[in-house]
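Notes for the one structure printed next.
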Amino acid sequence: MAGTQQLSELSFATSNENKFQEAERILSNLGIKLNFFKTTLEEMQSNNLSDIAEQKAINAYKLVQKSVIIEDDGLFIDSLNGFPGPYSSYVYDTIGNNGIMNLLADSKIRDAKFVSIIAYCDGDYGVKLFESSIPGKISSSIEKGGWGYDPIFIPDGESKTYANVYDKDKFSHRAASLTKFSNWFLGKQKDNGQ
Ligand code: ITT
């Protein structure tokens with residue numbers, strides 16, 4: 001349609017609606033329309049987030065059969081030698097934020113980082129990974145609001161957790177990896193004349 005800018009389109013395969021909603025908002029501001037492909041993807045057991053993300057993207061492409069992204073995240077806590085890291089989803093579903101608080105009860109050192117890997121896959125290109133991480137701290141108590149680990153993760157430079165910061169989408173681990181991805185993806189589309 002004349003005068004209407006066409007958004008580039010692709011799917012995000014995830015079981016996690018919160019992840020999708022944030023990613024949809026972030027990417028629409030960058031000119032990409034994201035479709036929700038709701039599914040629980042098979043995840044390999046590995047200590048390496050990149051390996052998990054790569055395999056997840058291949059599994060997602062088999063299902064979606066079109067350009068697709070997945071995201072794999074991990075909360076890495078320094079004093080726990082990086083735990084829960086690649087096991088963040090399982091740990092959240094089992095011991096949750098209360099369990100993390102208990103593990104850190106005697107710990108003054110509460111440094112942590114949140115890592116996001118976006119993995120893109122299509123039939124021609126194969127898989128490409130985009131990784132970002134945000135340093136921060138585990139709070140001394142569980143705040144109200146947000147989802148997942150939001151109530152216990154304070155990004156550096158902020159006094160509140162992700163659950164209560166003013167605009168998480170502006171600087172989150174997800175925003176950073178999606179920005180890297182969109183730069184590459186929109187450039188690739190331009191090169192292909194789309
Ligand atoms: P998928 O279907 O996309 O795999 P998932 O929730 O299992 O969804 P991950 O394995 O990537 O996703 O997630 C690791 C854990 O970290 C999981 O418990 C998430 O809820 C949590 N998490 C990821 N990003 C978060 C964020 O921005 N804020 C709070 N918690 C987050």
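Start at 1 and go down the list; that is how both ligands and their atoms are numbered. If you read the sequence from its start, that first residue is 1, and numbering goes on from there.
- Side-chain contact between Y61 and V68 is present, with at least one heavy-atom pair separated by less than 4.5 Å.
- Once rounded to the nearest 0.5 Å, the distance linking CD1 of I117 with NZ of K180 reads 10.0 Å.
- Cation-pi geometry between K168 and Y162 is satisfied (NZ or CZ under 6.0 Å from the ring centre, within 45° of the ring normal).
- Within 6.0 Å of CD on Q21 lie more than 12 heavy atoms contributed by other residues, nucleotides or ligands.
- By the 4.5 Å heavy-atom criterion applied to side chains, F181 and I32 are counted as neighbours.
- Using modelled atom types and a 3.5 Å distance limit, the side chains of N59 and E42 yield no donor-acceptor pair.
- Contacts of ligand 1 (protein heavy-atom distance under 4.0 Å) are T14, S15, N16, K19, E43, K56, E71, D72, D73, S88, S89, Y92, F114, W147, G148, Y149, D150, K168, H173, R174.
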